[in-house]
Amino acid sequence: MSITLSEKDNGYMEGFSRFEKTAPGSNLGWLKSIREHAITKFSELGFPTPRDEDWRFTNVAPIARSSFHIPLNGIDQVSAADLTPFQFEGQQISELVFINGHYSAELSTHCTLPEGVIVLNLAEAINSQEDILKENLAKYADFENEAFTALNTAFMEDGGFIYIPKGTVVEEPIHLLYISTAGDKPSITNPRNLIIVEDNCEANIIEQYVSLDENIYLSNVVTEMVVGENSSVGHYLIELESKKAFNISTLRVQQARSSNMRSYSVLLGGSLVRNNIHPVLAGEGCNSLINGLYMSTHRQHMDNYMKIEHVSPHCDSRQLYNGVLDGRSRGVFHGRIIVHKDAQKTDAKQTNRNLLLSDYAQVDTKPQLEIYADDVKCTHGATIGQIDENALFYLRSRGISKEASRDIILNAFTNETLESMTVDSVKKYCTNLVADWFRQREQTLKS
Amino acid sequence: MLEIKNLHVSVEDQEILKGLNLTVNAGEVHSIMGPNGSGKSTLALVLAGRESYKVTKGEIIFEGKDLLELSPEDRAREGIFLAFQYPVEIPGVANTYLLREALNSIRKYRGEEPLKHVEFGRLAKEKMKVMGISDNLLKRAVNEGFSGGEKKRNEIFQMQILQPKLAIMDETDSGLDIDALKIVANGVNALRSPERAFIVITHYQRILDYIVPDFVHVLVDGKIVKSGGKELALELEDKGYGWLEEEKIAANN
Ligand SMILES: Nc1ncnc2c1ncn2[C@@H]1O[C@H](COP(=O)(O)OP(=O)(O)O)[C@@H](O)[C@H]1O
Ligand SMILES: [Mg+2]
């Protein structure tokens, strides 16, 4: 029997009490208490409203008003061929596939990985990797203060579990692919990913959220990623949800001394999207690169909420988010940088650029610097504009057609955020997604 | 090659060119001089096809074709090149990429095969030497972070690669030190041929010591008020533009 969640009639609480009885790991006391703590927090916090400073530009009333059911496992038929459009060129890589939030062993691929590396789905890891989970799960993402994180934490069932032991270089990227399929009623999934990278490691992880149908659902994602000393990790979020879907995603990264983290977000789908990126540069001498590209059209709403926390001295963070907005879509970039009092010699830079392709598109960009140390360098800059007519004319005056000139300028703009991606197959995949987006736009303009 | 008849041009309802006539034949170098705001850049941009400049009267015939009917890109493909007074920065687009795209779309228009990578490389190397362009400058984004002199040299470098029939230079000499000026002049002189014509727009006589014009025209308030040989440039250097402006006012009254 399926569980339905809604704000009406205490539905979230009721749903939870039924959910927790059968949820993976319901027999484990520590996990049960996390879930219960989280649902209590969620009912205290409630869904955020635009009165909440962190949600000023994004109204989640459409989510709060909805009633969602939690899809059961194994009810949908998805074939391997359905996955190919979402896979990267080149050799087969380790890939965990989730259908409506549930792991599919049949569709997933496990490649040979270096010794000691564990790639599992969370529901399984709850049984076999209890010690690591107990030590890390819900230790970083803030379910005490963030409603969606609390909701995810209360209802987490499955997701990706990746463990990379000390001194391991994982050459091939690891792919977590989340697929939504048609349902007659709006559904909710709460993917929960835990990525533990120990000291002196290298790895790249891709989270991708896609849909096979144009249905209504909420993907409420939380990823916790722990990056050990001197490790270098790339994290890619590719969001291609259905045009009617909601996607709320939180990436919480904990960085140890001298670690290096690169986060890329490519947002193209969904009707209401919120992308929270929250790295904590906890050890000395960390580097964070936080890049993103959001491209919206029609009435899409894409909100990027950055919270970069400098805790220790000598850390660098670089944010570059570019937005391309068409139709009546709306973009938000809210870039917080928090420099704690011990984080001397912080070097933080934030850039947000927006290109409006329509007179009706809109963007709100807001830097928020909270600096409690005195010897720091923090810069931020934001631009909002149309395509540069002078640049367009310059290219045309050299013999390049109007269309090609436009493409050159737009590609240069989108590429800025993608070009530093180190996994070539993923970079190519994202570049193609962007090209498709422009192609579709051209077609709509023609018709 | 180029015939401009009674050209009237407005920007935002303000008339800037007020009946300009100019004939340029193949092999000739014409210099256009004039005070700030007289309409020199407007003329250059209208020739290149900038849409915000509205031609309200008159015509421009280039190689027997009605130039005003052509898009900016088709004008370039027909052989018009403008070295901009203020070259535009295009972040994220490599200089070399722009040049190859430009050259190949011009070649395609002429029914020629695109240049292979190596062939283009060879051509670029050769012209880079002439213009003192470094590998680094070639790889960088178009004009981004270039010094004033680098921007101007880069314009003439592009001109060398694209080999236009009619090259228009809009104050390419302004702001250049004498060494850079010589490089630019060299680059231009290397292109001089009986099939090619130049319009050298300048504020100062100095560049005309290096690129010797066949004709000098003085543009004041949207009209050519005086034409002559290269001596006219020296006279202007001596006397300034004031006397011509006064002459023009007197003539109008
Ligand atoms: N895009 C424009 N918008 C409004 N006015 C312009 C524009 N371009 C030029 N003008 C005006 O036209 C006149 C001629 O300008 P310009 O052709 O640039 O002169 P020059 O190159 O001889 O200095 C000036 O008064 C200038 O202010
Ligand atoms: Mg000018």
Side-chain angles (χ1 to χ4, degrees), chain A residues 264 266 291-293 295 318-324 349 351-357 379 381-421 427 430-431 434-435 437-438, chain B residues 44-53 70-95 97-110 112 114 141-144 151 154-155 157-159 161-165 167-168 170:
Chain A
Y264 295 93
V266 177
N291 276 16
L293 175 65
M295 299 175 78
R318 294 285 175 275
Q319 299 172 63
L320 174 64
Y321 263 68
N322 281 3
V324 178
K349 188 170 179 207
T351 310
N352 172 232
R353 287 195 249 272
N354 297 281
L355 205 53
L356 304 180
L357 300 183
T379 58
T383 59
I384 302 171
Q386 273 99 22
I387 199 162
D388 180 359
E389 288 295 327
N390 290 322
L392 193 62
F393 178 67
Y394 189 84
L395 293 173
R396 295 179 73 191
S397 79
R398 297 303 181 243
I400 302 170
S401 73
K402 187 178 182 177
E403 293 71 29
S405 298
R406 257 191 89 91
D407 287 355
I408 288 174
I409 293 168
L410 293 173
N411 278 324
F413 182 77
T414 54
N415 255 338
E416 223 183 355
T417 58
L418 310 178
E419 66 191 354
S420 64
M421 287 182 171
K427 182 169 158 178
C430 293
T431 311
V434 171
W437 193 93
F438 283 123
Chain B
L45 290 164
V46 165
L47 288 171
R50 185 80 209 230
E51 280 127 341
S52 47
Y53 292 80
L70 300 180
S71 65
E73 53 269 34
D74 280 348
R75 295 180 195 202
R77 293 160 179 170
E78 289 286 343
I80 288 185
F81 181 91
L82 168 61
F84 285 78
Q85 182 175 3
Y86 303 111
V88 184
E89 298 190 4
I90 312 181
V93 179
N95 218 358
Y97 179 78
L98 156 70
L99 267 179
R100 220 154 45 85
E101 287 294 305
L103 184 60
N104 283 335
S105 43
I106 291 171
R107 289 177 68 93
K108 190 172 168 200
Y109 185 77
R110 298 195 195 127
E112 296 165 3
V142 181
N143 293 317
E144 199 181 39
K151 283 184 184 168
N154 192 44
E155 293 289 289
F157 169 62
Q158 291 182 6
M159 187 166 111
I161 299 267
L162 301 180
Q163 302 266 322
K165 286 185 198 151
I168 305 152
D170 189 0

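To find a chain, count down the sequence lines: A is the first, B the second, and so on, and within it residues start at 1. These figures come from a predicted structure and were not determined experimentally.
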Next on the checklist: Can you tell me which portion of A:Glu389 sits under 4.5 Å from chain B's heavy atoms? Options are side chain, backbone, both or neither.
Outcome noted: both

Item to check | A:Ser420 backbone acceptor or donor facing A:Tyr264 side chain under 3.5 Å | outcome: yes

Checklist entry - Who passes side-chain contact (heavy atoms from CB on, under 4.5 Å) against B:Ala76, sequence neighbours left out? => result none

Checklist entry - Non-hydrogen atoms of chain A under 4.5 Å away: do they reach the side chain of B:Tyr97, the backbone, both or neither? => result side chain

Checklist entry - Which one of B:Ser71, B:Pro91, B:Ala102 has the most heavy-atom pairs closer than 4.5 Å to chain A? => result B:Ala102

Checklist entry - With chain A, which of B:Asn104, B:Leu99, B:Leu45, B:Leu82 has the greatest number of heavy-atom pairs at distances under 4.5 Å? => result B:Leu82

Next on the checklist: Measuring from atom CG of A:Leu392 to atom CG of A:Asp388, what distance do you get when rounded to the nearest 0.5 angstrom?
Outcome noted: 8.5 Å

Checklist entry - With a 4.5 angstrom heavy-atom cut-off, which part of B:Asp74 approaches chain A: side chain, backbone, both or neither? => result neither

Next on the checklist: Can a side-chain donor-acceptor contact be found between A:Asn354 and A:Asn322 if the only test is distance below 3.5 angstrom?
Outcome noted: no

Item to check | Side-chain donor/acceptor of B:Glu73 to backbone N/O of A:Lys402, under 3.5 Å | outcome: yes

Next on the checklist: Tell me whether A:Lys349 at atom NZ has more than 12 heavy atoms from other residues, nucleotides or ligands lying less than 6.0 Å away.
Outcome noted: no

Checklist outcome for this item: The interface call for B:Arg75 against chain A, heavy-atom contacts under 4.5 Å, is neither

Item to check | Residue selection (most heavy-atom pairs with chain A, distance under 4.5 Å) from B:Ile80, B:Leu162, B:Leu98, B:Leu103 | outcome: B:Leu98

Next on the checklist: Please classify the contact of B:Glu78 with chain A as side chain, backbone, both or neither, using a heavy-atom distance under 4.5 Å.
Outcome noted: neither

Next on the checklist: Please rank A:Asn415, A:Ile408, A:Asn411, A:Ile400 by heavy-atom pairs under 4.5 Å with chain B and give me the top one.
Outcome noted: A:Ile400

Item to check | Charged tip of A:Arg398 within 45° of A:Tyr394 ring normal and under 6.0 Å | outcome: yes

